[in-house]
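Proteins come first, then strands; the chains are lettered A, B, ... in the order of their sequence lines, and each starts at number 1.
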Protein chains: 2
Amino acid sequence: MNSVKRACGNCNLRELCLPFGLSNDELERVDEMVTTRRKIKQGEYLYRAGSAFESIYAIRSGFFKTDVLLEDGRDQVTGFQMGGELLGLDGISTELHTCNSVALENSEVCIIPFSRLETLSREIRTLQNHFHKVMSREIVRDHGVMMLLGTMRAEERLAAFLLNLSQRFTARGYSHADFYMRMTREEIGSYLGLKLETVSRAFSRLQEAGHIAVQQKHVRILNIAGLKALMNRQPA
Amino acid sequence: MNSVKRACGNCNLRELCLPFGLSNDELERVDEMVTTRRKIKQGEYLYRAGSAFESIYAIRSGFFKTDVLLEDGRDQVTGFQMGGELLGLDGISTELHTCNSVALENSEVCIIPFSRLETLSREIRTLQNHFHKVMSREIVRDHGVMMLLGTMRAEERLAAFLLNLSQRFTARGYSHADFYMRMTREEIGSYLGLKLETVSRAFSRLQEAGHIAVQQKHVRILNIAGLKALMNRQPA
DNA sequence: ATTACAGGTTGACCTGGATCAAACCAGACA
DNA sequence: TGTCTGGTTTGATCCAGGTCAACCTGTAAT
């Protein structure tokens, strides 16, 4: 943990993150709310299911996954998060975290005490509205995953996944067509409702079809249109 | 559409719905916000994907489903909603609805203009916090569905689904063990990521195992513990 | 009562992805 | 430089659920 001044004002993720669309004045007030950061090493937990919820977290750098697990040991990755995205929204409802959040690379988050966020968003309309939009966006994203898990075949799921990553990398100023994935095949599989072998085969088939070039975690997208077309194929 | 006075104060779903935990004073102010209701006949749309978002809706009576559809015609039921639950939260993010909402029986909703809800929740802390909890709960629910779609086998999915319905009916004062389902096998299948035939077979197998008694849409739960145990079985 | 029809059940067969098993590869470390 | 290890790829086989098809049931209209 370390405290900071001018957290948000200087952050280049500002426009992707919570302070989106705020005036300088308002930005300063948000800065007062976000006084501490926390570094999380690769493999460490940001929070665990069942622990008390007090804050949400904005990713300043790095990469995370969230997962839930059943009593019997089965688990499901519910999302991968990158810079500018918020973690911990699931904890608001019961004031307990309902999933685990693990850093997939060395990362840093800004700590946003939730009660202060509520106070401030009673005072700043723009902040309030934007926070609501962020929560709503998470719901929409989840519906997309449900769609994917409920109706798509393995290759379509992977195509959808890669397109989504690509688009999020683009929004952060990275190449849309050439990136390293931080997660393993098994984690991708868990997220997509597939086994790691199936994920691996799907990668191979997309490569054979000339849509992508893969080498371990390094992916290059060669034919975006092809991937998109794949997603909209009728099943069977 | 018809206007009403004392919408929430007289509503027996008050404690399940948005006004949860409000004082009488606050309740009156919420009443002023919720001035109109709307009846939707079975099969009619409350809203459609792509239409402008202006309000969220609280279900006063009846039963709904929401679904998203892909260009190619495939669709996925993303949820079933009953009295006291909110509809339309997905629309906040883009100010366009992202799914369709259809009444599965003759229903009535209270219209909650979203901008007024934001105004009021800047003034009433309890309302603000409760609204955040409701949104967060939706995210948690979605994670549950992702878990179900990603890791469970057909019978487990159906067991989880029935237990969830049972629990929600209980919260509304209906029998936890004896209810009519408003949705078809196909709709259940779409929600659970299964074909209707598989849903039908799963019903039959749960019945053979003595966990439930089914006759079309009428379900009786005979062995809750059995259903719960089923959900926590290791796959294969 | 008779018919029509949407929804539900059941059977037979097929297939995509799971499972099991054996290499393979790249980076870490001695 | 070799070897260890966690992750990945690939092959062979299996099976849960999909697909196709026939039939049943309850409701509602005539």
Side-chain angles (χ1 to χ4, degrees), chain A residues 42-43 63 65 73-77 102 104-105 148-162 180-209 212-219 230 233-236, chain B residues 42-43 65 73-77 102 104-105 148-162 180-209 212-219 230-231 233-236:
Chain A
Q42 178 168 25
F63 205 92
K65 72 167 177 183
R74 281 181 285 181
D75 76 340
Q76 167 84 17
V77 171
V102 185
L104 296 184
E105 62 181 17
L148 180 149
L149 292 171
T151 72
M152 292 188 182
R153 346 241 293 12
E155 277 175 63
E156 298 178 279
R157 293 185 198 193
L158 186 58
F161 176 68
L162 292 173
Y180 281 89
M181 293 184 300
R182 273 69 176 184
M183 65 297 273
T184 67
R185 298 287 186 264
E186 184 165 28
E187 286 161 337
I188 298 172
S190 173
Y191 182 61
L192 299 179
L194 302 169
K195 294 288 145 178
L196 67 301
E197 294 95 327
T198 308
V199 173
S200 179
R201 282 184 237 274
F203 268 118
S204 302
R205 267 180 279 133
L206 291 186
Q207 175 156 310
E208 279 160 37
I212 61 172
V214 215
Q215 202 177 12
Q216 316 283 109
K217 296 189 167 161
H218 179 206
V219 175
L230 232 165
R233 277 296 138 266
Q234 206 64 281
Chain B
Q42 178 167 27
K65 72 166 177 184
R74 280 182 285 180
D75 77 341
Q76 168 83 17
V77 171
V102 185
L104 296 183
E105 64 181 15
L148 180 149
L149 291 171
T151 71
M152 292 189 184
R153 347 244 293 10
E155 277 174 65
E156 300 177 278
R157 294 185 198 192
L158 185 58
F161 176 67
L162 292 174
Y180 281 90
M181 292 185 300
R182 273 68 176 185
M183 65 296 274
T184 66
R185 297 288 186 264
E186 184 165 27
E187 286 161 338
I188 298 173
S190 173
Y191 183 61
L192 299 180
L194 303 168
K195 294 289 146 177
L196 67 298
E197 294 95 328
T198 307
V199 173
S200 180
R201 282 184 239 272
F203 269 118
S204 302
R205 267 180 279 133
L206 291 186
Q207 175 156 283
E208 279 160 37
I212 60 172
V214 215
Q215 201 176 14
Q216 317 281 110
K217 295 187 168 163
H218 179 206
V219 175
L230 232 166
M231 276 179 53
R233 276 296 139 267
Q234 206 65 280

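- Minimum heavy-atom separation, B:Ala159 to B:Met231: CB-CG, 4.3 Å.
- In this structure, A:Phe203 has no ring pair (Phe, Tyr, Trp, His ring centres under 6.0 Å) partners at least two apart in sequence or on a different chain.
- Judged purely by atom type and a 3.5 angstrom limit, B:Gln42 uses its side chain to pair as donor or acceptor with the backbone of B:Leu104.
- For A:Phe63, there are no ring pair (Phe, Tyr, Trp, His ring centres under 6.0 Å) partners two or more places apart in sequence or in a different chain.
- Counting only distance, with no hydrogens or angles, the side chain of B:Arg157 and the backbone of B:Leu192 share a donor-acceptor pair below 3.5 Å.
- Residues of residues 182-195 of chain A having a heavy atom closer than 4.0 Å to DNA chain C, listed by number: A:Gly193, A:Leu194, A:Lys195.
- Residues B:Leu196 and B:Glu187 are not in side-chain contact: their nearest non-hydrogen atoms beyond the backbone lie 4.5 Å or more apart.
- If one axis is set at each end of the helix from C:dA1-D:dT30 to C:dA30-D:dT1 from five pairs, those axes are 30° apart, to 10°.
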Which protein N or O atoms sit under 3.5 Å from an N or O of nucleotides 22-25 of chain D?
none

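- For A:Arg74 and C:dA18, the CZ to C1' distance is 14 Å, given to the nearest whole Å.
- B:Arg153 has its CZ atom 9 Å from the P atom of C:dT19, to the nearest Å.
- The 12-atom threshold is not exceeded at CD of A:Glu186, counting heavy atoms of other residues, nucleotides or ligands nearer than 6.0 Å.
- Residues A:Leu148 and A:Glu156 have side chains not in contact (no heavy-atom distance under 4.5 Å, counting atoms from C-beta outward).
- Rounding to whole angstrom units, CZ of residue B:Phe203 and C1' of C:dG7 are separated by 13 Å.
- In this structure, the CG atom of B:Leu149 is 14 Å from the C1' atom of D:dG17, given to the nearest Å.
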Below 3.5 Å between N/O atoms, which protein atoms pair up with nucleotides 10-15 of chain C? Just atom names and distances, please.
from: C:dT10; atom 1: OP2; to: B:Ser204; atom 2: OG; distance (Å): 2.6
from: C:dG11; atom 1: N7; to: B:Arg201; atom 2: NH1; distance (Å): 2.9
from: C:dG11; atom 1: O6; to: B:Arg201; atom 2: NH2; distance (Å): 3.1
from: C:dA12; atom 1: N6; to: B:Arg201; atom 2: NH2; distance (Å): 3.2

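- Atom CE in B:Met152 sits roughly 18 Å away from atom P in D:dA16 (whole-Å rounding).
- In this structure, A:Leu149 and B:Gln76 have side chains that are not in contact, with every pair of non-hydrogen atoms separated by 4.5 Å or more.
- Side chain of A:Arg185 to backbone of A:Gln216: a donor-acceptor contact under 3.5 angstrom is found.
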